[in-house]
Colleague: 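Got a structure for you, questions after.
Order of appearance sets the numbers: ligands from 1, and atoms from 1 within every ligand.
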Amino acid sequence: MELDQHFVIDRKVLLRIVELAKIQKDEVILEIGAGTGNLTKLLVKKAKKLYAIEKDKNLFSELKKISNKNLKLIPGDALKVQFPDFDKLVANLPYSISEPLIQRLIYEDFKLAVLLLPENFVKIISGEKRTKLTEITKTFFELKLDRDVKPESFSPKPRVFSRIIVLIPKKPRNEKELIFMEFLKQTDKKAKNALREAIIKGGNKSGKEITKKEAKKFLRNFKIDKKVARLNLRELEKIKEFIV
Ligand code: SAM
């Protein structure tokens, strides 16, 4: 099983990640993939509370040696365990969970995430290589690109370059953005049903009462018969145009 165990050995990289997180004394931090605890030890000094998730049982036992009352270790898979409430997420992420984690973050309420990610993945979320995930990221987050990180900064060395990024959750600026966000969150529903629900919910949140019948009428020419999770970039763009 792939656990992406590439540990950061360049202290400058770790310090830059911590600096970007701008941790305040009263903030709760979540770390995913604590590994050997190199980042964990820096974060726990700054935060009111640090939750650190680690899947590897051996590394988890090692992490228990960090004795700090503000540190709560969580064993398990970060894609499955329930997240505690947190203010900021800071992680040198296991690269193979980058995409599902971004998908998961759209449901979370937090201030900021500082992540170390593979360069190729950053190209996707930043729009240099456009996919559906570019659209999802752009809809939910403001993205700031920070410095490149060379393979030599890790042990063992990964095959690819990495990059530090910051994600800041966006608030919808108007009803249409709100509807599109609500739509994207309903991954398991058929697109038409998800859009109907999103229109009703979006209307309610904006102080309008939209009935199911009205929403259905608005969608009478909507032809895409697929689940939201299975839509491709073109279809997503079409739906956005339909709403806006
Ligand atoms: N934080 C350390 C650092 O900065 O050097 C380790 C980062 S390493 C890239 C990723 C870590 O995530 C590994 O310790 C690995 O065991 C752990 N991991 C991999 N998949 C995971 C998952 N699904 N949930 C939680 N931890 C995971």
Colleague: Measuring from non-hydrogen atoms of Lys80 to any atom of ligand 1, is the shortest distance under 4.0 Å?
Modeller: no
Colleague: With side-chain contact (heavy atoms from CB on, under 4.5 Å) as the test, pick out the partner of Thr134 among Leu236, Ile124, Thr139.
Modeller: Ile124
Colleague: Salt bridge or not for Lys190 and Asp225, using N-O below 4.0 Å?
Modeller: yes
Colleague: Looking only at protein heavy atoms, which one is nearest to atom 15 (C) of ligand 1, and how far off is it?
Modeller: Leu3 O, 3.3 Å
Colleague: Are Phe140 and Tyr107 close enough that their ring centres sit under 6.0 Å apart?
Modeller: no
Colleague: Tell me which protein heavy atom sits closest to atom 1 (N) of ligand 1, plus the residue, atom name and distance to 0.1 Å.
Modeller: Gly33 O, 2.8 Å
Colleague: In ligand 1, which numbered atoms sit nearer than 4.0 Å to a non-hydrogen atom of Ala78?
Modeller: 22 (C), 23 (N), 24 (N), 25 (C)
Colleague: Which atoms of ligand 1 have any heavy atom of Asp4 under 4.0 Å away?
Modeller: 8 (S), 9 (C), 10 (C)
Colleague: Any idea which atoms of ligand 1 are less than 4.0 Å away from a heavy-atom of Gly76?
Modeller: 24 (N), 25 (C)
Colleague: For atom 4 (O) of ligand 1, what is the nearest protein heavy atom, given as residue, atom name and distance?
Modeller: Asn92 ND2, 2.8 Å
Colleague: Should one rank Pro94, Pro100, Ser153, Gly35 by closest heavy-atom distance to atom 18 (N) of ligand 1, which comes out on top?
Modeller: Pro94
Colleague: Using atom types as modelled and distance alone, determine if a side-chain donor or acceptor of Asn38 lies under 3.5 Å from a backbone N or O of Val8.
Modeller: yes
Colleague: What protein heavy atom is closest to atom 23 (N) of ligand 1, reported as residue, atom name and distance in Å?
Modeller: Asp77 OD1, 2.9 Å
Colleague: Could you tell me which atoms of ligand 1, counted from 1 in the order shown, lie closer than 4.0 angstrom to a heavy atom of Glu31?
Modeller: 1 (N)
Colleague: Need the ligand 1 atom indices (1-based, order shown) with element for anything under 4.0 Å from a heavy-atom of Gln5.
Modeller: 13 (C), 15 (C), 16 (O)
